[in-house]
Amino acid sequence: MKQYIAQIALVVADYDEAIEFYIQKLHFRLIEDTVMSETKRWVRIAPPSSSECSLLLAKAVTDEQTIRVGNQTGGRVFLFLNTENFKRDYQNLLDQNVQIVRKPLVEPYGTVAVFADLYGNLWDLIEPSCK
């Protein structure tokens with residue numbers, strides 16, 4: 001049996017504002033938005049070319065979950081978005097007024113910049129080096 005990570009839960013304050021950010025600013029696609037109950041939805045999003053792993057937007061409902069919104073990893077980079085065109089995607093972040101935390105650097109593994117999503121979660125935008 002093939003194994004892979006199917007979803008990664010991302011705690012958000014509001015389903016609709018999170019969907020809007022990821023779809024409008026990062027150009028992710030909405031894979032699924034199913035109402036599960038009066039307060040819960042099953043919302044999956046992913047970059048346009050992602051085929052296996054998606055983000056599952058999970059709305060915070062308890063006090064403990066609410067304090068985790070935007071800080072699921074204690075301030076470390078949480079998610080890594082690979083690209084084949086760093087210049088294009090970095091310019092999109094600038095054009096969309098996405099907060100840049102660390103400007104682009106060329107590292108041994110590729111070109112990388114750090115940005116924050118609407119809640120402050122840190123992401124690496126990476127164009128891997130060819131080996």
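- Between the T111 side chain and the V106 main chain, no donor and acceptor come within less than 3.5 Å of each other.
- Minimum interatomic distance between A18 and L57 (heavy atoms only, all atoms of both residues): CB-CD1, 3.9 Å.
- The aromatic rings of W123 and F28 stand perpendicular to each other, their planes meeting at an angle above 60°, with 30° marking the opposite boundary.
- Residue pairs satisfying the side chain to side chain donor-acceptor pair (under 3.5 Å) criterion with at least one member in residues 47-56, sequence neighbours excluded, are listed as follows: K2-E52, R44-S54.
- The salt bridge (Lys or Arg N to Asp or Glu O under 4.0 Å) pairs that include a residue from residues 100-115 number zero, where partners must be two or more places apart or lie in different chains.
- Linking Ile, Leu, Val, Met, Phe, Trp and Tyr whenever their side-chain heavy atoms come within less than 4.5 Å puts I8 and V11 in one cluster.
- No donor-acceptor pair closer than 3.5 Å links the side chain of D33 to the backbone N or O of W42.
- The cluster map of Ile, Leu, Val, Met, Phe, Trp and Tyr, joined by side-chain heavy atoms under 4.5 Å apart, puts Y119 and I23 in the same cluster.
- Evaluation of the side chain to side chain donor-acceptor pair (under 3.5 Å) test over residues 59-69, restricted to residues two or more places apart or in two chains, returns none.
- The two residues S129 and P108 have their closest heavy-atom pair at OG-O, 3.0 Å.
- Within a 6.0 Å sphere centred on CD of Q91, heavy atoms belonging to other residues, nucleotides or ligands number more than 12.
- The shortest heavy-atom contact between L81 and P47 is CD1-CG, 3.6 Å.
- Annotation: side chain to side chain contact (heavy atoms under 4.5 Å, CB included) contacts of D89 (sequence neighbours excluded): T83, L125.
- Using a 4.0 Å cut-off between a side-chain N of Lys or Arg and a carboxylate O of Asp or Glu, D95 and R88 do not qualify as a salt bridge.
- Contact annotation: the side chain of P128 approaches that of N82 to within less than 4.5 Å [non-hydrogen atoms, C-beta and beyond].
- Using a 4.5 Å heavy-atom threshold, the side chains of F78 and L10 count as touching.
- V114 and L93 fall into different hydrophobic clusters, where Ile, Leu, Val, Met, Phe, Trp and Tyr are joined by side-chain heavy atoms under 4.5 Å apart, directly or via other members.
- Proximity of R41 to I19: side-chain heavy atoms (C-beta onward) are separated by under 4.5 Å at one or more points.
- Counting heavy-atom neighbours within 6.0 Å of I5 CD1, excluding the residue itself, gives a total of 12 or less.
- With hydrophobic clusters built from ILVMFWY side chains whose heavy atoms lie under 4.5 angstrom apart, L56 does not share a cluster with L26.
- Residues L55 and Q7 have side chains not in contact (no heavy-atom distance under 4.5 Å, counting atoms from C-beta outward).
- Between N92 and H27 the shortest side-chain heavy-atom distance falls below 4.5 Å.
- Between A116 and L122 the shortest heavy-atom distance is CB-CD2, 4.1 Å.
- Side-chain contact check for F115 versus L94: every heavy-atom pair is 4.5 Å or farther apart.
- Taking the ring-ring contact (aromatic ring centres under 6.0 Å, His included) definition, one finds that Y90 meets it with F86, sequence neighbours left out.
- Hydrophobic clustering of Ile, Leu, Val, Met, Phe, Trp and Tyr side chains at less than 4.5 Å, counting indirect connections, keeps Y109 apart from L79.
- More than 12 non-hydrogen atoms from other residues, nucleotides or ligands lie less than 6.0 angstrom from CZ of F80.
- The heavy-atom pair separating Y15 from T39 by the smallest distance is CE1-O, 3.9 Å.
- Pairs of residues two or more places apart, or lying in two chains, never qualify as salt bridge (Lys or Arg N to Asp or Glu O under 4.0 Å) while including a residue from residues 108-128.
- Residue I45 holds its CD1 atom at 8.0 Å from CD1 of I31, rounded to the nearest 0.5 Å.
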